Amino acid sequence: MILAWLIVIPLAAGVLAWPAARLGNAWPRWISLAALALNAVLTISLWAAGGALPGVRGAWAAELDWPWIADLGIRFHLGMDGFSFLLLMLTFVLGILSVLASWREITSGTGFFHLNLMWILAGITGVFLALDLFLFYFAWELMIVPMYFLISIWGHERRVYAALKFFIFTQVSGLLMLVAILALYFAHHAATGVYTLQYTDLIGTPLDAGAARWIMLGFFVAFAVKLPVFPLHTWLPDAHTEAPTAGSVILAGLMLKTGGYGLLRFVVPLFPGAAREFAPFALLLAVIGILYGAVLAFAQTDLKRLVAYTSVSHLGFVLMGAFAWNDLALAGALMTMIAHGLSTGALFVIVGAIQQRIHTREIEGMGGLWAVAPYMSGAAMFFTMASLGLPGLGDFVGEFLVLAGTYRVAPWHAVLAAIGVLASALYGLKLIQRAFHGPNVHQLAFPDLRPREALMMAVMIGMLIWLGVYPQPMLRAFAPALDALQQLTETAGHAVR
Amino acid sequence: MLHLWLIPALPLAGFLINGLAGRRLPKALVNAVGIGSVALSFLWVLKTVLAVEAWDAAHVERYFTWIESGDFRVGFDLAVDRLSTVMLLVVTGVGLLIHIYSAGYMAHEGGYYRFFAYLNLFMFFMLLLVLAANYLLLFVGWEGVGLCSYLLIGFWFLKKSASNAANKAFIVNRIGDFGFLLAMFLMVVTFGSLDFGTVFGAVEGKPPGTLTLIALLLMLGAAGKSAQVPLYVWLPDAMEGPTPVSALIHAATMVTAGVYMVSRSWLLYTHAPGALEVVACVGLFTAVFSATIGLVQTDLKKIFAYSTVSQLGYMFLGLGVGAFSAGIFHLMTHAFFKALLFLGAGSVIHALAGEQDIRNMGGLRKHTPWTFLTLMCAGVAIAGIPPFSGFHSKDAILLAALHHAPWMYWVGVITAAMTAFYVFRALFLTFFGRYRGSAHPHESPAVMLAPLAVLAGLSLAGGYFPVTHWLDPVFHTEEGSHAAWAVWTSVAAGLSGIALAYLFYVARPGLADALASSLRGLYTLIYNKYFVDEMYDTAVVRPVVSGSRGFLWKVVDAGIIDGAVNGIGARARDIGGLLRLLQSGNIRNYAAWVVAGSILMILGIGMWGGAR
């Protein structure tokens, strides 16, 4: 029951926030904050109460299964295991961060803004919970439209272009996924005589190799666009750069993660054989993405675009972990998803704060910011170091585990990807040097972090140190879920390795 | 429980206090926190050393599981043994002296609190590196000291050159770290663990090829951190940082981390003799190569920087010929005399209001007598004159080299002569003759001179610390040869280097210039550091910078990939609304692109599947 509330609360808060803006701009913000905080509390209590339920297949700590459209085999089926739990927590933390980051930035259409924001978050929550493929597709689409509005209304100079590009990329690839879902649905009926869209039923559907390959690719492309995977990434730099800060935080921190989630939850478990065939190709794409993203980030002159390209590089590790498919690599992929959400989300907040103060994102228009705003610069240094994989911080744990796990199955891919760790130093140090070091040639002067911003930064810093120094609670939380995923894959008859 | 965690935690607390609140604290309090935390850490090291009863095995303290996944586990474990004891004493002892010195040296600088915060953070990571009981935790310290080195080289971040030098240091170190990372992956696969005890316990019987590869990859990491050929190029540039940083990080402690790491892995190396030979050759080549560059430099700190590279090469030579304890012994004596050289140089620079070019010095003996005296102590120590500290440790390395391969001994002796020459060249040009500059030289305050005096004492007498004796149970070193002639030869080399420097720069000034102009080509080559930086710039840096921007971004990403997406002639500003777009044909381009990409992938897998 509570699982359904997790989706309903943000939907309702969004509907409430819209008219509430008439009472004042603060109202929608506080409503959103309250809804997200409530969701976070509910999720934690559910997790604490759950443990692994006996008798439930997998490692679900909470499950909800209501009949919906019985004739078609569609059910309102939600489930939360450690994997979804951590991504949900990330969703609510970054949701709160985006509301706070928009506090001063969004001053017009505040109500509608928060409606969109909350609906995106509701969609993302649905994606992380759905165990019915129809419901999953529904949630998948739910997060796209409000994001389109978020970018096209509150974005920067080229917002319409970027929003459309985002919309069309995700929409077309989403349609491919829909086709793949239907194909799987009919194939399952053909093999068993049952119409079902239940995730747990569809696993192990007997498919001939050719069909499995095609259907898997339908899913893969949808997730690959979101992740993003080279060469389907070109929507990302535009969308991230043009979006308002909250949009960038959600895009990088959460929406890309839905792609990674899909790969781990659906692509490999549903089509273990095809995924195994595809693995060398996917690992190669991952390596290309890691290196290409890092080098392109280094080449950028727009600070926000630079940060955007780093996501292409970091999410390459998630793709790599998903297709290396062993304990270490999977745990690493998950850690990378969480840590990247925090570190890159925080970097976008900082870039947004700078843009709001000096009205440019061009690195050439900055320089010497350290002397102007030492606390903000210190925070930027911290998140840059996290992003370039400094050991002791969260991102390092994720990337190290992915690489160590991949090295076991594909050493040369791991070796090449490790060069990405070197390349990340190039863009990270460029960011610091050009924006924060050097003389203050443009005579900039602006206030340092405000208390609200300082609080956000402090919380994110604390969480990244926690993830880096004591990630065990995380690793333990999703270990049963990952074991279950691996077992599902094994029992489906085609071990990936 | 010895509470080893306190040793790094104390400087960490200092960092947090000064880093977060230092801006608002009075200077005296910043000093008290910055210096006091290191002093307490030093005392805790002493207490720990006295408290350990049995030194046969490492004393390990396991605090909590850091990373556990499947059958892979890394603990947050600290350990102390004979080897780390030497390192701990050097790091906290010399570190404390340099912290005290900094209170005087940096007294008039802006960002005073930031400087002490960074120094404390460095101490934290360095002590973590030394105390770590597994490679991954060591790597945390390893990268952490790299970060602090980066922050402190770029301390004067308004200067472009400082900022560039900081970036260079970080990136070159990352090349080494790439090797370190790969070594760890290989260890995870080979040993299933990164724990020192587990790895070294399982070395026996593992394929020598794998062990050699691990050892070589670790050496790549060590070459980055400890500035060995071909990754030494960052260290001379690192002199852009404040002088106490050069003394602490880029002479006495951080740059020796590679030496420590290789010594820590000695069991791996002794099972991979090929890799050990590489260590010896890299060390020897670095020693002689950078010594030649040191001969002709004119920046006081740069001379000492090349000297550091050269002396680190000596240490690796020692490790490579199997004399691990001699290498660590030299690490310790070098920490004394090189820290002293740098702090003394800092005192000179302080006296001359920032002047670093030895051509603009001279005659300072009268103006800064204490600095002069202490620097001469460092000079005789590094030149290997008995009975001072450098003599003992350098001799231990050279004798082991002679035992291993005589040619290595002879190259080492020539290097020793060059070392004595360039150090005394610098000292003679600084303190003798008449003053050639325009500043008003004055002696430094007592807070700076006191650490110099202590280090001078250590440089003179430090050779009598029984380090090799203390370490022998760790490394099980066999007794080397004690060829008296070899000892005297190396001493003679050192003395002749000093004599030659005296001849050139005190007795017959002008002789050096005459020699330089008669060997114009060679002189230019060496003066320009063999143009190595320029070669790297042309071969690596420029292609990466222009290739990433000019080709990958503008041509591949924005041109080919995105161009295909947008369709030829379709420009962003033409896109009005969704409805118009639906008719304009752009949507077809997007859709076509997604479909084309998918088809490419499908074809890829199809062909790949077909090939099977």
Side-chain angles (χ1 to χ4, degrees), chain A residues 158 160-161 164-165 168-169 172-173 176 209 213-214 217 220-221 225 231-232 234 277-278 280-281 292 295-296 298-300 326-328 331 368 370-371 374 385 390-392 397 400-401 403-404 407-408 411 414-415 418-419 421-422 425-426 429 433 436-439 469-472 475 479, chain B residues 23 64-72 76 136 139-140 142-144 147 150 154 157-158 160 163-164 167 170-171 174-175 177-178 181-182 184-186 188-189 544 548-549 552-553 557 561-562 565 572-573 575-578 581 587 590-591 594-595 597-598 601-602 604-606 608-609 612:
Chain A
R158 297 172 68 216
V160 178
Y161 168 76
L164 264 176
K165 202 169 176 182
I168 291 167
F169 263 80
V172 173
S173 62
L176 280 176
R213 203 179 287 161
W214 283 94
L217 280 173
F220 179 79
V221 168
V225 165
L232 301 172
T234 59
E277 276 185 3
F278 189 57
F281 195 60
Y292 187 79
V295 174
L296 274 238
F298 174 66
Q300 299 307 310
N326 58 33
D327 288 329
L328 287 185
W370 202 296
M385 287 300 154
L390 192 77
V397 176
F400 178 81
L401 287 175
L403 289 173
Y407 192 88
R408 288 180 171 176
V415 170
I419 298 175
V421 177
L422 167 65
L426 296 181
L429 298 188
Q433 182 179 33
F436 297 98
H437 283 171
V469 175
Y470 191 50
Q472 263 316 100
L475 293 168
Chain B
R23 254 156 101 77
F64 57 87
T65 298
W66 178 23
I67 298 172
E68 187 169 22
S69 172
D71 53 358
F72 175 74
F76 198 97
L136 200 60
F139 192 64
V140 174
W142 186 269
E143 290 270 287
L147 167 70
Y150 161 79
F157 56 79
L158 296 178
K160 179 87 170 142
S163 183
N164 282 343
N167 281 7
F170 198 95
I171 289 165
R174 274 260 156 149
I175 297 174
D177 297 345
F178 171 70
L181 267 180
L182 294 189
M184 285 198 285
F185 300 150
L186 207 50
V188 172
V189 172
V544 168
S548 65
R549 198 177 153 74
L552 276 181
W553 180 28
D557 212 57
I561 300 179
D562 221 28
V565 173
R573 62 186 165 83
I575 304 173
L578 182 60
L581 188 97
I587 193 161
Y590 287 121
V594 174
V595 171
S598 320
M601 272 180 194
I602 289 164
I605 192 181
W608 195 83
R612 279 160 67 89

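The structure displayed is predicted, hence computed values, not measured ones. Numbered from 1 within each chain, the chains take letters A, B, ... in sequence-line order.
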Nearest-0.5 Å distance, CZ of residue B:Phe72 to CG of residue A:Leu401:
7.0 Å

d(A:Tyr470 OH, B:Trp66 CH2) to nearest 0.5 Å is 14.0 Å

A:Tyr292: which residues meet the side-chain hydrogen bond (donor to acceptor under 3.5 Å, both in side chains) condition with it, sequence neighbours left out?
B:Asp557

Counting heavy-atom pairs under 4.5 angstrom with chain A, the leader among B:Ile175, B:Leu181, B:Leu158 is B:Leu158

At a heavy-atom separation under 4.5 Å, does B:Phe139 approach chain A through its side chain, its backbone, both, or neither?
both

Under 4.5 Å from any heavy atom of chain B, what part of A:Leu403 do you find: side chain, backbone, both or neither?
both

Is there a side-chain contact between A:Pro374 and B:Arg23 in this structure, where contact means two heavy atoms from C-beta onward sitting under 4.5 Å apart?
yes

What part of A:Leu422 gets within 4.5 angstrom of chain B, counting heavy atoms only: side chain, backbone, both, or neither?
both

Okay, A:Ala404 and chain B: the region with an atom under 4.5 Å from a heavy atom over there is both

What class does the angle between the rings of B:Phe185 and A:Tyr407 fall in, given that below 30° is parallel, 30 to 60° is tilted and above 60° is perpendicular?
tilted

Please look at B:Leu147 and chain A and tell me whether the side chain, the backbone, both or neither of the residue comes under 4.5 angstrom of a heavy atom of that chain.
side chain

B:Leu136 portion near chain A, given a 4.5 angstrom heavy-atom threshold
side chain

Results of side-chain hydrogen bond (donor to acceptor under 3.5 Å, both in side chains) for A:Gln433 - residues two or more places apart only
B:Ser163, B:Asn164, B:Asn167

What's the spacing between A:Leu328 CG and B:Ser69 OG if we round to 0.5 Å?
4.5 Å

Determine yes or no for a side-chain-to-main-chain donor-acceptor pair under 3.5 angstrom, with A:Gln472 supplying the side chain and B:Glu68 the backbone.
yes

Which atoms of A:Pro411 approach chain B - backbone, side chain, both or neither, heavy atom under 4.5 Å:
neither

Test log, rule side-chain contact (heavy atoms from CB on, under 4.5 Å), inputs A:Ile419 and B:Phe178:
CA-CA 7 Å; A:Ile419 298 175; B:Phe178 171 70; 3.6 Å; yes

Give a yes or no on whether the backbone of B:Val189 and the side-chain of A:Arg408 come within a donor-acceptor separation of less than 3.5 Å.
no

May I have the step-by-step check of side-chain contact (heavy atoms from CB on, under 4.5 Å) for B:Phe170 and A:Leu426, ending in yes or no?
CA-CA 9 Å; B:Phe170 198 95; A:Leu426 296 181; over 6 Å; no

Using a cut-off of under 4.5 Å on heavy-atom pairs, state which of A:Ala425, A:Gly438, A:Ala371, A:Ala331 scores highest against chain B.
A:Gly438

